[in-house]
Every structure is written in C-alpha cells, then in structure tokens.
2 protein chains.
Amino acid sequence: MDFYELLRLEGKTIEKAKHEHIFVQGDSDRSFYRVQSGLLKAYYTSKKGKESVKSFILPEDTICSLTSAYSEGGCSFSLICLEATILIKIPFAKLYEYSQKHHEIANKIIELLLGLAMKKEKREFEFLCLSAEERYHLLVEASPKLLETVTQNDIARYLGVTPVGLSRIKNREHNN
Amino acid sequence: MDFYELLRLEGKTIEKAKHEHIFVQGDSDRSFYRVQSGLLKAYYTSKKGKESVKSFILPEDTICSLTSAYSEGGCSFSLICLEATILIKIPFAKLYEYSQKHHEIANKIIELLLGLAMKKEKREFEFLCLSAEERYHLLVEASPKLLETVTQNDIARYLGVTPVGLSRIKNREHNN
DNA sequence: CATCAATTTTAACCTGAGTTAATGCCTGCA
DNA sequence: TGCAGGCATTAACTCAGGTTAAAATTGATG
C-alpha cells in the first residue's frame, strides 16, 4: 500500500476557483490536502485585521492545519486559492489510521514531517538571523517564479514587512 | 519494542559539564539526543559573529540537527550546555532503521516530529505576526522558570532583539 | 574580603520600517 | 471605452529597536 494509492482510495478530489477559501482561521478542518495543480496562500489575520502570509503552497505540496487536524482545535490560519486549484482531500485521522497498519504510509508521513520541520526551521532561521532585506534577496534567489505570480502585497506580508517597506527595499536595490 | 527500551538498548549515556558543547555549527553529527537532566542552548553564529538563540532544550526534550542527521550536511547550529547535563545519544540512522520494523517506534517518531513541527510553526507565527515586546510577554507567560535560569543576554537573542533592546522592553513594562 | 569579569541598565544618536496619504498605473468588467 | 477597485510607488513623519559607550550591579574566585 503506497501513499498515492491511499490518496486515490480514500481521498476526494476537490476543485476550487481563484479566491475561494479551503478553510478560514477558527474553522475546524481535520483534513489533509495534497495540491495537484494551482496555487494557494496560507495566512494569519490579527485581531486588528493585519494579514501575515505563512506560506505559499505549490503543486505536489501537502498542507493541513496541525492545530485543527492533530490537536483538534480551530485552524490557526486561513487557506485561500490564488489560482484555480485542484486538491485531494483526506481525513487526517485516516492517514493516522493507515500509518498504524502500513509501514510504507508511516514512512511517507515521517518523510513529509521531516520536510515540514526543516522548512519551518529554515524560516525560523531567516526571521531570527536575517534582516527583511536579506530575506527578500534569498526569496529572489530561491523562488523567482513566485515573485512573478504573486502580488507585491503578498510577498511583503510573507517577508514580514508592509508593502510600503518592500517597495523601499526594492528601490534601495535599484540605486546600488 | 517501545521507544525508551530502544534508547536503553542502543543509546549511550553522556555527561557534559556546564559550558561544554555537544556539537558546533559546521560539525557533522548524525546523532539524536534525549535530555535526561540539565539545560542546553541551540544557537546560530553569523559570519559577523552575531549570536542568535534557536531554542532552549529542557529535560525530556529531544534534539538533533536535522540538516546533519537527515540531510547529511553540516550542523546549521551549535549546541551547548548552560548547566551540567545528562543526555542519551543514539545514531539517527538507528532510529530510522527501527522505525522500519517497529510500528511503535515509527509512531513515536511521528509524534515527536508533529510536536517539533507545531513548535516551529508557533515560533514562525510569533516572528511573523508579533512585535518583540509581544513575544517577550508570551515568553513570560509560558516559561517564567526559564527567565530566572537563563541570562537576559540569551533571552534577548532568543527573542530576536539585542540585550539593550530587551532591557528597554522590560523598563517600558515597569513604567506602565 | 577584594577584585576582576560578566551582566544589566542607562543615555545619546542613528536607521530601518510602520503609518498615512496622495498619486499614478493596471486590469477587469459593465 | 470608460470607470472602479486593487496594486505599486513615493513622500513626510513617527517610532521601535540597533549601535556605541559608559555606569551600575552582580557573581565568581583567589
């Protein structure tokens, strides 16, 4: 029993249009998603309405709210489509259940979680050790495609600065 | 075969004095550690010598450099004892190997990785959405013990500000 | 107990980024 | 084709936090 078989067997294909939400901060959503095609944005909304972008999710990526799926609380962030998107949806509990019986599934989950943990550690490093400007340069190096697809606003809120701030950073570039 | 049996069977107990390193940024260390007693600090050192604290590691916590143990690169951070510390050390590959054969081990690893991923997501949220002052307040709420044990310097570098900056934050508190 | 080193606080000055607001630019849609 | 709404840039002002340096406090050790 391989992971993709499991998705085929127990998963449900979902199609969403641009601007549609998969879930909203505070919702309960115990599903695990795999992106087949499209582009999504995971983002936090503060009490004062300030938006911060947690991540962009690309084809072949997987995503779920761990606080909702695993800790059984509400989702700590919202998930929205920036493009028309096709996903496979499967209950997180189903994954967990299969991981008990099938080594191959357990191993795939370990691999996914290792990837997630490393990605988050990298982001922790960037916020802890780098300036907004350095974070921007790394993003330009690592994901030039994303910069073309996504608005400046969303890039800024992903880097932890305001759109005005990012505009200044780019401008500083230009003059050197 | 339970996780702690495995540690007993294949692990090696290590005692370290205050100020001793377990590993240094750039080292290769493919081990996985569990803290039995003591206190450690994981930290990054920048090219210009600036230190940033990634995390504090307490008894019952586990720690390893994923980039070294899993991706087989050099450690991206250093690990040092802030107190005399006793750890159990086991090759990461051994854990991986046992996880292939023993469901209970695989499940424990999944549980540990879920915990790690959630901890890192929480920290990502704090850097992305909160000010240094708000991060400090959360830390005071969540870990008052730590504030008594660890120097202001290290707390500051954990919060992503300079010691001078943290002193001001505390002072601001005091006058309100 | 005295002293030296490390930690913490305070002060003065500087800088990067937030805020607000005005302007110009696209793009989608009626 | 023309308009409305979102996006990006620019400018003026403010402020949190960085930097440097000096003073005050604490701690560790001979």
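Letters A, B, ... are given to chains in the order of the sequence lines, protein chains preceding strands, and every chain is numbered from 1.
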Novice: Hey, is the side chain of A/Asn171 poking within less than 4.0 Å of OP1 or OP2 on D/dT9, counting only N and O atoms?
Specialist: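 Negative; the distance criterion is not met.
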
Novice: Is it true that A/Lys108 and A/Glu111 make a salt bridge, defined as a side-chain N closer than 4.0 Å to a carboxylate O?
Specialist: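 Looking at A/Glu111 together with A/Lys108, the answer is yes, because their closest N to O distance falls below 4.0 Å.
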
Novice: Of the nucleotides D/dT20, D/dA11, D/dA8, which has the atom closest to the B/Val164 side chain?
Specialist: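 Among D/dT20, D/dA11, D/dA8, the one nearest the side chain of B/Val164 is D/dT20.
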
Novice: Write down the distance between CG (B/Leu147) and C1' (C/dT8), rounded to a whole number of angstrom.
Specialist: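 After rounding, the gap between these two atoms is 15 Å.
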
Novice: Under a 4.0 Å N-O cut-off, is there an ion pair linking A/Lys120 with B/Glu124?
Specialist: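 Result for this pair is yes, salt bridge flagged.
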
Novice: Please tell me which of the listed nucleotides, C/dA17, C/dT8, D/dG18, lies nearest to the side chain of A/Ile169?
Specialist: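 The nucleotide sitting nearest to the side chain is C/dA17.
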
Novice: Within 45° of the six-membered ring axis of B/Tyr158 and under 6.0 Å from that ring's centre, is NZ or CZ of B/Arg123 located there?
Specialist: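 The answer is yes, since B/Arg123 meets both limits relative to B/Tyr158.
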
Novice: Tell me the interatomic distance from B/Lys50, atom NZ, to D/dG18, atom P, rounded to whole angstroms.
Specialist: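 Rounded to the whole Å, the gap is 8 Å.
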
Novice: Over all strands shown, is A/Thr151 touching base, sugar-phosphate only, or nothing at heavy-atom distances under 4.0 angstrom?
Specialist: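 If one applies the 4.0 Å heavy-atom cut-off, A/Thr151 turns out to touch the sugar-phosphate alone, with no base involved.
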
Novice: Starting from the 5' end of DNA chain C, give me the residue, A/Thr162 or B/Gln152, whose nearest nucleotide shows up first.
Specialist: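 Checking each residue's closest nucleotide, the 5'-ward one belongs to B/Gln152.
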
Novice: What is the distance from CG of B/Leu130 to P of D/dA16, rounded to the nearest Å?
Specialist: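 These atoms are roughly 16 Å apart.
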
Novice: Rounding to a whole Å, what distance do you find between A/Glu51:CD and C/dT19:P?
Specialist: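 Nearest whole value for this atom pair: 14 Å.
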
Novice: Quick check for you: among C/dA17, D/dA16, C/dT9, whose closest atom lies nearest to any side-chain atom of B/Arg172?
Specialist: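 Shortest atom-to-atom distance from the side chain points to D/dA16.
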
Novice: Which sits closer to the 5' end of DNA chain D, B/Ser131 or B/Lys18, going by the nucleotide each is nearest to?
Specialist: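 The answer here is B/Ser131.
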
Novice: Per the atom types in the model, does the base of D/dG18 pair as donor or acceptor with the side chain of B/Arg168 at under 3.5 Å?
Specialist: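 Indeed, a donor on one side and an acceptor on the other fall under 3.5 Å apart.
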
Novice: Would you verify whether the NZ or CZ of B/Lys94 falls within 45 degrees of the ring axis of B/Tyr96 while also being under 6.0 Å from that six-membered ring's centre?
Specialist: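 That pair does not qualify as a cation-pi contact.
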
Novice: To the nearest 0.5 angstrom, please state how far the OG atom of A/Ser55 sits from the OH atom of A/Tyr43.
Specialist: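 So the OG of A/Ser55 and the OH of A/Tyr43 are separated by 12.5 Å.
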
Novice: Check the distance between D/dA8's P and A/Ile155's CD1 and give it to me in whole angstrom.
Specialist: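 Answer to the nearest Å: 10 Å.
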
Novice: In whole angstroms, how far is the C1' atom of C/dG16 from the CG atom of A/Leu159?
Specialist: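 In whole Å, C/dG16 C1' lies 15 Å from A/Leu159 CG.
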
Novice: Tell me: NZ of B/Lys170 to C1' of C/dT10, nearest whole Å?
Specialist: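 My rounded result for the distance is 14 Å.
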
Novice: Starting at atom OH of B/Tyr136, determine the distance to atom P of D/dA16, rounded to an integer number of angstrom.
Specialist: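 From B/Tyr136 OH to D/dA16 P: 17 Å.
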
Novice: Please tell me which of A/Pro163 and B/Asn153 maps to the more 5' nucleotide of DNA chain C, matching each residue to the nucleotide holding its nearest heavy atom.
Specialist: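 The residue whose closest nucleotide sits nearer the 5' end is B/Asn153.
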
